[in-house]
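Here's a structure for you.
In listed order, ligands and their atoms are each counted from 1. Predicted model only: the values in this text are computed from it and were never measured.
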Amino acid sequence: MREFLSSNIFKTISEVAEIEGVDVYVIGGFVRDIFLHRKSKDIDIVVVGSGIDFARQVAKHLRSKQVSYFKNFGTAQLKHNEWDIEFVGARKESYRLDSRKPIVENGTLEDDQKRRDFTINALALSLNKSNFGELLDPFNGLNDLKQGIIRTPLEPTTTFSDDPLRMLRAIRFATQLNFSIEDKSLAAIEQMANRLTIVSVERIMDEINKMMMADIPSTGWLLLDNTGLLPYILPELSAMKGVENRNGIMHKDNFYHTLQVLDNLATKSDDLWLRWAALLHDIGKPKTKKFIPGQGWTFHGHDFLGAKMIPEVFRKHKLPLNEKMKFVQKMVLLHLRPITLSQEEVTDSAIRRLLFDAGDDINSLMTLCEADITSKNDMTVKKHLSNFRIVRKKLKEIEEKDAIRNFQPPISGQLIMDTFGLSPCKEIGIIKNRIKDAILDGEIRNDFNEAYSLMLKTAEELGLKPTKPIG
Ligand code: ATP
Ligand code: MG
């Protein structure tokens, strides 16, 4: 193990431990990731004694000013070169049933290991001179790591009662590492799912976002569904479950369809927000579902309704309300456009409108739409994909020719007001829209002179007279 602790930072910590006469260990994710051959820059140090006092000595030794102390939590954080190091005193912890506040006492290393979430996260390596590099693994975490098992160090109900977020962390790690959750731990999650309600939305979403970045994110969503955690996390997704049968006519289960789209997308993109767009692209479906005799099931307008629902979903789940939300909203709103377009003749005008509406996000939108093809019929899939290739090719041609992507209207509202002596009024909007439509429909080019002529013509039709000489 020593070779993994060869960095100077471990040497320094070990020397300070010797001088201070305290026992110090690296613990948790960093140790786990050594065995998984994953590179990690976060180091968690547990000190049998005061984490803050020890961090102070280490900072002094390193002449480091990049250190913060969190007295309330008894932790300290030190940044050194590429490392982000957290110090904490070994704790013995137990939560009262009637309160979320833990009773925290100083404890031994093993006490501290017991209050970790999983055996694979409770591994510790000694930094003490006498046994530097020795692995301390009282719960056989190494064995679980080798076998790919997520297991709690104590009785699962005890571990999960102390902090119900751990139920979700079990699923996040299982998804991220492609591990399975041990039976008793899994049963405990099913039994205690409702305890998740006491956990803050922020902590939940941190785990969900890590889960979403896994290679196969559906694994996590399926586990959340099977254990009964899903309704406490994203009820909008639970609402998409199920199929209805009317006179032998069924629609597809939108929950499983969504997960398939998400997995497809995950093979093509590492953009967290595009993955969210895939997850949410059909959330408008449950509320727009209708059975129309002679036609079957329809979800008419689910793109518009879905896009309208996004801000509330983001607000409720404390996801960012900035351009990330706008991006997801735009993807949801436009997700049907390329497919509708490719089913008809792909006209230049339709392509320009799509480019205008999607702007710089056009490639993301096309990626989402390609992921959205989940038909079981190979011929259908092939046909759609080849249509999309045509759409992509046309998009490129039109973009090169017309530069529509970041369309700026060649005629400003100000110029219209100046030319016809107007104050702000609806005629200005009419003229501007007429020019925009003409450009997008290819009646005129995206050019000042052509747009200017059209402005004069439209104004005349509206009965407006120039107050300035034209030119
Ligand atoms: P990641 O690679 O996602 O950072 P990690 O295991 O390092 O994974 P962190 O959230 O950074 O996860 O936590 C560091 C360590 O702290 C964990 O390995 C675990 O030992 C412990 N830990 C974190 N959160 C909890 C929790 N809710 N309950 C118990 N132990 C926890
Ligand atoms: Mg970590």
- Any protein heavy atom sitting closer than 4.0 Å to atom 27 (N) of ligand 1?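 Looking at atom 27 (N) of ligand 1, one finds that a protein heavy atom does lie closer than 4.0 Å.
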- Query: Taking both backbone and side-chain atoms of Gly28, is any N or O found less than 3.5 Å from an N or O belonging to ligand 1?
  - Reply: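 No.
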- Message: Please classify the Glu207 to ligand 1 contact at 4.0 Å (heavy-atom distances, strictly less than): side chain, backbone, both or neither.
- Response: neither
- Message: Using heavy atoms and a 4.0 Å limit, tell me yes or no: is Gln176 in contact with ligand 1?
- Response: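 So Gln176 does not count as touching ligand 1.
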- Indicate, as side chain, backbone, both or neither, the part of Phe173 found under 4.0 angstrom from ligand 1 when only non-hydrogen atoms are considered.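 It is the side chain that gets close, since no backbone atom is under 4.0 Å.
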- Just let me know how Lys41 lines up against ligand 1, side chain, backbone, both or neither, with a heavy-atom cut-off below 4.0 Å.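 For Lys41, there is no contact with ligand 1 at all, from either part.
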- Query: Between Phe30 and Phe10, what is the ring plane arrangement, given parallel below 30°, perpendicular above 60°, and tilted in between?
  - Reply: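 If you compare the ring of Phe30 with that of Phe10, the planes turn out tilted.
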- Assign the ring pair His335 / His302 to parallel, tilted or perpendicular, where the plane angle (0 to 90°) is split at 30° and 60°. tilted
- Item | ligand 1 contacted by Gln113 (non-hydrogen, < 4.0 Å) | no
- Item | Any N or O of Asp44 closer than 3.5 Å to N or O of ligand 1 |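 No - when backbone and side-chain N and O of Asp44 are compared with those of ligand 1, no distance drops under 3.5 Å.
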- Query: Is the Trp273 ring parallel, tilted or perpendicular to the Trp276 ring (thresholds 30°, 60°)?
  - Reply: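 Because their plane-to-plane angle is under 30°, the rings of Trp273 and Trp276 count as parallel.
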- Quick one: which of Asp42, Asn121, Asp112, Val46 has a heavy atom closest to atom 20 (O) of ligand 1?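 Looking at heavy atoms only, the winner is Asn121.
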- Item | Check: Asp33 N/O within less than 3.5 Å of ligand 1 N/O |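 In this structure, Asp33 places no N or O atom under 3.5 Å from an N or O of ligand 1.
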